[in-house]
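Labels below follow one simple rule: chain letters A, B, ... track the order of the sequence lines, proteins then strands, and each chain is numbered from 1. In this text the structure is predicted, and so the values were computed from the model without any measurement.
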Number of protein chains: 4
Amino acid sequence: MPRPPGHGPGFEVRRQKIIDIAASLFAQQGYAATSINDLGRAVGLAKGALYYYIGSKENLLVEIQSRVMGPLLSRARQIADLDMDPLLRLRLLSESLLTIIFRRLDHIWVYEHDYRSLSGDELKTLLAQRSDFEQLISDLLSQAMEQGMFRTMSPRLATLQFLNLHNHTYQWVKPDGQWDAQFLSHEYCATLFRGFGAPDHALPKVEKQAQEFKRDRPGLPLDPEAEWEATAG
Amino acid sequence: MPRPPGHGPGFEVRRQKIIDIAASLFAQQGYAATSINDLGRAVGLAKGALYYYIGSKENLLVEIQSRVMGPLLSRARQIADLDMDPLLRLRLLSESLLTIIFRRLDHIWVYEHDYRSLSGDELKTLLAQRSDFEQLISDLLSQAMEQGMFRTMSPRLATLQFLNLHNHTYQWVKPDGQWDAQFLSHEYCATLFRGFGAPDHALPKVEKQAQEFKRDRPGLPLDPEAEWEATAG
Amino acid sequence: MPRPPGHGPGFEVRRQKIIDIAASLFAQQGYAATSINDLGRAVGLAKGALYYYIGSKENLLVEIQSRVMGPLLSRARQIADLDMDPLLRLRLLSESLLTIIFRRLDHIWVYEHDYRSLSGDELKTLLAQRSDFEQLISDLLSQAMEQGMFRTMSPRLATLQFLNLHNHTYQWVKPDGQWDAQFLSHEYCATLFRGFGAPDHALPKVEKQAQEFKRDRPGLPLDPEAEWEATAG
Amino acid sequence: MPRPPGHGPGFEVRRQKIIDIAASLFAQQGYAATSINDLGRAVGLAKGALYYYIGSKENLLVEIQSRVMGPLLSRARQIADLDMDPLLRLRLLSESLLTIIFRRLDHIWVYEHDYRSLSGDELKTLLAQRSDFEQLISDLLSQAMEQGMFRTMSPRLATLQFLNLHNHTYQWVKPDGQWDAQFLSHEYCATLFRGFGAPDHALPKVEKQAQEFKRDRPGLPLDPEAEWEATAG
DNA sequence: CATGAATGAGGTTTCATTCAT
DNA sequence: TATGAATGAAACCTCATTCAT
């Protein structure tokens, strides 16, 4: 993000601080619901000075997004390139992802919630980055399947489960809470690696029961919006 | 939602249609970015008439949210009350949840994205409903642990994993795609039930490797934002 | 300019009135110096209602411009197509042009002064219209030369003289003053038609004198910015 | 233009250069649409330093205007005072005027377009200068009439024609084009001097035809905005 | 039931100008 | 001399909402 030439030494520092505060406000109230006035008040700067630093409101979104996605993608590529067990690399990647979620929770909120507010080009860049990240996961999962560590399954679906489990974390996690990134990574990977591992005997039974239930109890459809007719007894 | 007294027979029908269209627009463009004019154009009604049906813009949000949460919570309670295996009930609850995600994808988008736009009271109601739903899951997971089907673990963390896996689905799912709610439920539960099951021997190894990696390779920190110092060899 | 469907009968009337007032304000203070608030005050409408009618500030410019150029060009084409003496057609065209300058003086001011504020596409349209109009003049002048009514001269330069003489009129004309469009047209054409007619003997003399003056009086250069060295006597 | 006391030797030089660049920018984009930032960028100076030289934005307008009007008026007075044929003096004055239009086209653009942005006092000065210049022309034309070189006509109207023809030139002239100031002056004066000269026989005919046309063809009114009723045949 | 017209607050952004350094 | 930082007014425009008809 090369700024026009001629900025004093403190410029970039203050600029970063403003982006931080913006991320915090956007995370709390949403991008659309946060006005430049709100930001100015929080920063302690009049509107004019604010624009001196930020360029535009949408540009803040771009900065926030790239501050999250740039480092993450870069580190993720390094990890994926390691000459190691795919499972280990997945585990490391998982912790890396969770680490940035913990550290930059505000940014992640914005990133996950308001990326639709980006205009065409910026949105395209963002989606490409997301896609690159997903591909790294997908490749590792495929390798794990090929090496027999996971049962054979749709790599796409496995990827999506991995991402669901990690990416939704921002919705409830508390950076200063009882769990840290390492612990969550450990737990998530334990679930996923076991879950993706060789089939055991418990599963088929439940699945069969579920089929029977649906057959035998048409009066209690799983569709929450289906009409309800009690079979009571 | 105070509705003016004395409505014709078509009132409710048309009202529901409007809410549907609103959900669709909000899902596409976001609640804040959708104007009442947009909605009027999509519905084919001038603003005045629109307000006759909707009351206010925020009220639409309330309607959309309750249309999702009402049936879901009601059905979830019925399922949780069944006299059956906790695993089976979890499996049924999973499919129920995914079914409504598939069916009401637009509503879910709005529900997940824009609930922050609700004002105090409505927000409180919504959060209470979310909490109730989570409690149902949590109780079933605890029962499964007590009955030895799952290893002992934090019920809260298990719940959050269950919710992460399911709730993030709306981000990418395509209702007319290759997978349906039943299939996804099957897959998710396969992962979770295996993952939450008795510990196998594969896991500890990965975890130990991860610890060693972090010890031996300080030059490649998992923190994506940490400074990078190559240990080259 | 078809407006979005669904406007009452009074809409267009009021819209035209607003454009009129806008033209008047723009003519007095300039387009850039006239704010939408100014316009609102003059019209007696709040900003919101104003935008209901005008679409955007720039759109006002487009309307004003086309209100002048549309009728003028259309009528000019009819006149140019008449089966008559080129001189007569030039005379009629002159009066037509001056008539609209008198009638729509405000619009002309805006049209002549602020067309640079138009954005790309609109500007292109405007310039094309101007060019079309100039071409009509140019063709008639060429015909007059071919028929021996005018001495042979650059048609382009003749056209520009015609336009200079007419178009600059808006700068000082007073619609309710002592002269009307017909009179001015008569006078302008008298000047131009005589001036473009066969060469007489008075001219060369002046021109020769001017050359001699410049040769003999280097101390009084015609360039107003040249250094001055008095030759005083 | 209060200049802070004590300026280095380069001050005035740099100041003039800045005014030049300002004139160029104002001519291209208009005074209102050119920001001090634009100017700073073009000059290569930050805003603070710029204000050290220019005083204020409006002051630039004053400088630009006086740079054109000062020398022109001074030279015009000298020419008008010459003991010579009024026609010759008009011809010299014409060339003088066109010379500065060619040389200072940017300034002229600004002068003609944005003088309305001047505040009260400055505007009054400018208008007085304009008026003085016009008076010089008017006097010469009157003399030419008295001496029988021109037919008797309204001196005011003759002046306005002279000014129209010359002053509108800035709208299309290209300083490096095929024509120079001397040539244009020659052509303009040829037109005007012939046009203002003794009546010839071509004119009355056209004028009579025009009257007949308007009488006989009410269906083709010269007013471009008049309703059109074809008289077809 | 339905409409088009009107409002007024608030949104983002620009800009001439000032001033400490 | 020159700079970068700061201000505050004002610009254009949008929008949820109301209301007479």
Starting at atom CD of C:Glu12, determine the distance to atom P of E:dG4, rounded to an integer number of angstrom.
15 Å

Check for a donor-acceptor pair, side chain of D:Arg116 on one end and backbone N or O of C:Gln28 on the other, with a separation under 3.5 Å.
yes

Would the distance check show the side chain of A:Asp114 and the main-chain N or O of A:Tyr31 forming a donor-acceptor pair, the cut-off being under 3.5 Å?
yes

For a quick check under 3.5 Å, do B:Glu63 and B:Gln16 share a side-chain donor-acceptor pair by atom type?
no

Separation of A:Ile54 atom CD1 from E:dT13 atom C1', in whole Å?
10 Å

Inspect the contact between A:Glu225 and B:Arg67 and indicate whether a charged nitrogen and a carboxylate oxygen are less than 4.0 angstrom apart.
no

Taking A:Ser24 for the side chain and A:Asp20 for the main chain, is one N or O donor matched with an acceptor at less than 3.5 Å?
no

Here the distance between atom C1' of E:dT3 and atom CZ of C:Phe11, to the nearest Å, is 14 Å

Report which part of the nucleic acid A:Gly48 touches: base, sugar-phosphate, or nothing (heavy-atom distance under 4.0 Å, all strands).
base

To the nearest angstrom, how far is B:Asn59 atom CG from F:dT17 atom C1'?
14 Å

Round to a whole Å and report the spacing from CG of A:Leu50 to P of E:dT13.
11 Å

How many Å lie between OH on C:Tyr53 and C1' on F:dC13, as a whole number?
18 Å

Would you kindly give the NZ-to-C1' distance between C:Lys57 and F:dA11, to the nearest whole Å?
8 Å

Within residues 30-45 of chain C, the residues having a heavy atom closer than 4.0 Å to DNA chain E are C:Leu45

Where the side chain of D:Lys57 meets the backbone of D:Thr34, is there a donor-acceptor pair that is under 3.5 Å apart?
yes

If the cut-off is 4.0 Å, is D:Arg14 near the phosphate of F:dA2, judged by side-chain N/O to OP1 or OP2?
yes

So, is B:Tyr51 near the phosphate of F:dT17, with a side-chain N or O under 4.0 Å from OP1 or OP2?
yes

Confirm from the modelled atom types if C:Lys47 and E:dG10 form a donor-acceptor pair under 3.5 Å, side chain to base only.
yes

Hey, does the side chain of D:Gln65 reach the backbone of D:Tyr115 with a donor-acceptor pair shorter than 3.5 angstrom?
no

Can you tell me the pairing partner of F:dA2 across any strand shown, Watson-Crick or G-U wobble, with both distances under 3.5 angstrom?
E:dT21

Once you apply the 3.5 Å cut-off to both distances, tell me the Watson-Crick or G-U wobble partner of E:dG8, or none.
F:dC15

